[in-house]
Amino acid sequence: MEKEVRVRFAPSPTGGLHIGGVRTILYNYLFAKQNKGKFILRIEDTDQSRFVPGAEEYILNCLKWCGLTPDEGVTFGGDYGPYRQSERKKIYRQYAEQLVAQGQAYYAFDTPVDLENKRNAIPNFQYSHATRMHMRNSLTIPHEAAEALVREGAPHVIRIKIPEHENVYFNDLIRGNVTFDTNQVDDKVLLKADGMPTYHLAVVVDDYLMKISHVFRGEEWLPSAPVHILLWKYLGWETDMPQWVHLPLILKPDGKGKLSKRDGERLGFPVFATEWIDPKTHEKAIGYKEMGFLPQALNNLLALLGWNNSTEQEIFTLQEMIDTFSLDRVHKGGAKFDWDKAKWFNAEWIKKISADELLPYVQEVLASKNIYPEKEYLSTIIQLVKERCVFLNDFYEQSFFFFTAPHSYDMDALKSKWADEKALFFNDLINQFEQSENWEAPEIENIFKQLASAKAIKIGELMLPFRVMLVGGKFGPQVFLIAQHIGRQATIDRITKALETIKL
RNA sequence: GGCCCGUUCGUCUAGGGGUUAGGACGUUAGAUUUUCAUUCUAGAAACAGGGGUUCGAUUCCCCUACGGGCUACCA
């Protein structure tokens with residue numbers, strides 16, 4: 001009897017969405033879709049001190065841009081709401097209390113200052129079986145006194161009482177069997193003094209209540225897995241416990257450690273999916289979207305950072321990933337992020353999709369420069385230049401001259417080996433252009449070459465000046481194609497104007 | 001420090017007891033493109049080290065080294 005696949009992404013809304021998070025979302029999504037299950041979005045906002053206005057809406061927008069839409073969750077509805085933990089506050093306490101009643105958790109009255117002092121006084125201090133009897137909690141003070149304190153509203157937390165000399169085993173779908181000795185695990189806080197649960201309690205309670213079948217999360221959660229497993233057990237839900245899937249981390253390209261926002265700034269690439277502006281500091285971190293990435297490319301490159309389908313295929317549509325994704329083909333080791341390869345993926349995707357699919361993106365890029373071309377014409381131009389673009393933003397540099405005449409010229413390129421005879425050539429060229437019957441690239445090229453040979457000037461000496469006259473510099477696609485698409489009159493006007501500029 | 005996880009070209013990875021250890025990015029050299037990019041061809045480039053097991057280990061086991069993560073009333 002197969003359990004329905006229900007997976008969730010549960011971000012803490014505290015800032016920009018890191019690409020590691022996007023990859024976790026992607027794996028969740030692929031797995032859910034492949035198994036005809038549900039992908040759920042839950043907001044883990046149990047830390048009120050870290051509340052950042054706008055962060056939740058930002059995550060929703062990221063998801064939308066990536067095209068990885070949840071089936072259920074915050075703003076998407078579902079039968080297991082609310083999906084925001086701050087709105088579930090009242091349901092957690094009873095479970096913590098249940099554990100206290102069962103003797104598997106206890107009230108602790110130590111203040112943050114007490115703990116701070118302990119940590120300073122004792123190296124490697126852990127609140128655990130070794131120390132709990134020296135602390136101020138319901139294990140060390142008389143039971144009635146502790147109960148009274150709680151009743152009177154004395155500040156307290158509830159901590160899990162981790163057993164001694166036990167081993168916690170579990171099977172991670174990526175790593176296989178993992179074992180922990182409970183003697184090494186500390187008594188984590190379950191319920192904070194403000195009445196909010198910590199991640200540890202909330203994640204277990206909500207995953208149970210929301211019938212989560214598989215927990216995908218970063219490897220940084222591995223050390224707290226034994227706490228969660230013990231909680232599943234103590235709460236009596238062991239048979240419903242989800243499968244654990246701890247994903248490898250995305251590491252810095254150079255030095256040590258996991259990829260952070262700072263690395264992006266330092267090395268010049270985005271770390272967030274879309275732009276994030278911190279509401280307090282107004283600090284701006286650019287995103288893949290703003291950098292000119294196609295969401296298909298971001299998904300594709302992230303999927304391949306840690307997973308492959310054993311073939312040599314590298315370019316995958318979302319559907320292809322859904323069809324071939326497999327957890328046992330996810331790598332165990334962390335992957336250093338490679339910006340060069342990321343750019344390659346985007347260039348490949350720009351080449352892969354059609355001009356029409358590219359159209360809305362390019363329209364947006366050009367609109368930011370106040371260029372609003374007619375759709376059909378733009379589509380033709382996109383087809384002409386798309387293989388020269390790495391970023392969507394490159395479409396401006398690669399195509400602006402199809403819509404507007406150059407404002408300046410690369411004079412070195414234009415004047416190289418310039419001579420009066422060349423000015424004469426271009427004057428005659430204008431005449432010939434005016435008289436030509438049609439205006440297609442081969443015809444234009446023909447006229448150009450015949451005139452050059454009539455005047456005994458090498459084509460090579462003429463092509464570059466012609467190009468610079470039309471576009472302003474040494475760039476762009478085949479020059480006769482440019483002439484064709486900007487049209488006869490624009491071509492003549494641009495030559496005329498350039499000739500005047502050279503005279504000056 | 002303790003605990004946990006990991007380790008194939010510079011990077012992402014395929015492979016798996018006997019292979020010329022494959023691909024991709026990047027890189028180098030050439031061809032094409034009378035700009036540049038694209039494209040094409042060729043090249044350099046890896047099994048961390050030491051012990052086992054075995055006729056034979058890059059592949060299985062152990063140790064070491066190295067890398068990473070965690071060690072909050074943060075997630």
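Reminder, nothing fancy here: chain letters follow the sequence lines and each chain counts from 1.
Residue Pro477(A) is in base contact, counting any heavy-atom pair closer than 4.0 Å across all strands shown. Contacts of Arg329(A) with the nucleic acid, taken as non-hydrogen atoms under 4.0 Å apart, involve only primed sugar atoms and P, OP1 or OP2.
Electrostatic pairing of Arg119(A) and Glu116(A) does not count as a salt bridge here, judged by no charged N lying under 4.0 Å from a carboxylate O. Using a cutoff of 4.0 Å between basic side-chain nitrogens and carboxylate oxygens, Lys422(A) and Glu461(A) are scored as salt-bridged. Using a 4.0 Å cut-off between charged nitrogen and carboxylate oxygen, Lys188(A) and Asp186(A) count as a salt-bridge pair. Taking 4.0 Å as the cut-off between side-chain N and carboxylate O, Asp263(A) and Lys252(A) count as a salt-bridged pair. Between Asp47(A) and Arg50(A), at least one side-chain nitrogen of the basic residue sits less than 4.0 Å from a carboxylate oxygen of the acidic one, meeting the salt-bridge criterion. Salt bridge status for Glu87(A) with Lys89(A): absent, with no side-chain N to carboxylate O gap under 4.0 Å. With respect to Asp207(A) and Arg42(A), a salt bridge is recorded, a charged nitrogen being found less than 4.0 Å from a carboxylate O. A salt bridge is defined here as a Lys NZ or Arg NE, NH1 or NH2 lying under 4.0 Å from an Asp or Glu carboxylate O, and Lys352(A) with Glu357(A) fails to meet this definition. Using a 4.0 Å cut-off between charged side-chain N and carboxylate O, Asp254(A) and Arg266(A) make a salt bridge.
The partner of rA48(B) is rU64(B), by the rule that a Watson-Crick or G-U pair needs both atom distances under 3.5 Å. Pair check for rU38(B) finds none; no Watson-Crick or G-U wobble contact set falls under 3.5 Å. rG56(B) is unpaired under the criterion used here, namely a Watson-Crick or G-U wobble arrangement in which both key atom distances are under 3.5 Å. Pairing for rU32(B) is absent, with no Watson-Crick or G-U wobble pair whose two atom distances lie under 3.5 Å.
Between rA29(B) and rG22(B), the distance separating the two P atoms is 23 Å to the nearest Å. Rounded to a whole angstrom, the distance from the P atom of rC12(B) to that of rU39(B) is 23 Å. Spacing between rU19(B) and rG56(B) at atom C1', rounded to whole Å, works out to 14 Å. Using atom C1' as the reference point in both rG23(B) and rA46(B), the two lie 14 Å apart (nearest Å). Comparing rU53(B) with rA14(B), their C1' atoms are spaced 27 Å from each other, to the whole Å. For the C1' atoms, the distance from rU11(B) to rG50(B) is 28 Å, rounded to whole Å. Straight-line distance between the C1' atoms of rC61(B) and rA21(B): roughly 23 Å, to the nearest whole Å. The separation of rC9(B) from rU27(B), taken at their C1' atoms, amounts to 12 Å, rounded to a whole angstrom.
Each of Gly333(A) and Asp45(A) lies near RNA chain B, and the nucleotide nearest Gly333(A) is the one positioned closer to the 5' end. Looking at which nucleotide of RNA chain B each of Gly460(A) and Asn308(A) is closest to, the 5′-most match is held by Asn308(A).
The side chain of Lys474(A) places no N or O atom within less than 4.0 Å of a non-bridging phosphate oxygen (OP1 or OP2) of rU34(B). Here Lys351(A) reaches the OP1 or OP2 of rU39(B): one of its side-chain N or O atoms lies under 4.0 Å away. Phosphate contact (OP1/OP2 of rA75(B), side-chain N/O of Thr46(A), threshold under 4.0 Å): present. Checking the phosphate oxygens (OP1, OP2) of rA14(B), a side-chain nitrogen or oxygen of His331(A) falls inside 4.0 Å.
Tested against Tyr107(A) for a side chain to side chain donor-acceptor pair (under 3.5 Å), the candidates Arg159(A), Glu97(A), Arg136(A) yield a single pass: Glu97(A).
When every heavy atom of Pro477(A) is checked against every heavy atom of Val385(A), the shortest pair comes out as CG-CG1, 4.0 Å. Minimum heavy-atom separation, Phe109(A) to Asp114(A): O-OD2, 4.4 Å.
Candidate nucleotides rU34(B), rA24(B), rC4(B) were compared by shortest atom distance to the side chain of Val178(A), and rC4(B) ranks first. Of all nucleotides listed (rA75(B), rC73(B), rU35(B)), rC73(B) comes nearest to the side chain of Pro112(A). Checked against rU35(B), rA75(B), rA24(B), the side chain of Asp47(A) finds its nearest nucleotide in rA75(B). Across rG10(B), rC3(B), rG6(B), the shortest atom-to-atom separation from the side chain of Asp338(A) is found for rG10(B). Among the nucleotides rU13(B), rC74(B), rG23(B), the one closest to the side chain of Ala335(A) is rU13(B). Closest contact between the side chain of Arg175(A) and the listed nucleotides rC5(B), rA75(B), rC73(B) involves rC5(B). Nearest nucleotide to the side chain of Ser310(A), out of rG23(B), rC25(B), rG15(B): rG15(B). Across rG23(B), rC3(B), rC73(B), the shortest atom-to-atom separation from the side chain of Leu115(A) is found for rC73(B).
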Could you pull out every donor-acceptor pair under 3.5 Å between side chains of residues 219-229 of chain A and any protein atom, sequence neighbours left out?
from      : atom 1 : to        : atom 2 : distance (Å)
Ser224(A) : OG     : Trp221(A) : O      : 3.1
His228(A) : ND1    : Arg217(A) : NH2    : 2.8
His228(A) : NE2    : His200(A) : ND1    : 2.8

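Residue Trp339(A) contributes atom CH2, which lies 13 Å from atom P of rG26(B) at whole-angstrom precision. Phe337(A) has its CZ atom 15 Å from the C1' atom of rA24(B), to the nearest Å. A straight line from CD1 of Ile162(A) to C1' of rC3(B) spans 14 Å, rounded to a whole angstrom. Rounded to whole Å, the distance from CD on Gln478(A) to P on rU38(B) is 18 Å.
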Got a list of protein N/O to nucleotides 69-72 of chain B N/O distances below 3.5 Å?
from    : atom 1 : to        : atom 2 : distance (Å)
rG69(B) : OP1    : Lys258(A) : N      : 3.1
rC70(B) : OP1    : Lys258(A) : NZ     : 3.1
rU71(B) : O2'    : Gln126(A) : OE1    : 3.4

For nucleotides 28-30 of chain B, tabulate all protein N/O to nucleotide N/O atom pairs closer than 3.5 Å, reporting atom names and distance.
none

Might you list the N or O atoms of the protein lying below 3.5 Å from N or O atoms in nucleotides 40-44 of chain B, with each pair's distance?
none

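Contacts of residues 448-455 of chain A with RNA chain B (heavy atom under 4.0 Å): none. Across residues 16-26 of chain A, not one residue has a non-hydrogen atom less than 4.0 Å from an atom of RNA chain B.
For Phe425(A) and Trp418(A), the ring centers are positioned 6.0 Å apart or more. Centroid-to-centroid, the aromatic rings of Phe316(A) and Trp307(A) come within less than 6.0 Å. Aromatic ring centres of Tyr288(A) and Phe269(A): separated by at least 6.0 Å.
No side-chain donor-acceptor contact under 3.5 Å links Asn167(A) and Thr179(A). No side-chain donor from either of Asp206(A) and Tyr83(A) sits under 3.5 Å from a side-chain acceptor of the other. Side-chain polar atoms of Asn308(A) and Arg329(A) form a donor-acceptor pair below 3.5 angstrom.
Counting heavy atoms of neighbouring residues, nucleotides and ligands inside a 6.0 Å radius, atom NZ of Lys455(A) exceeds 12 of them.
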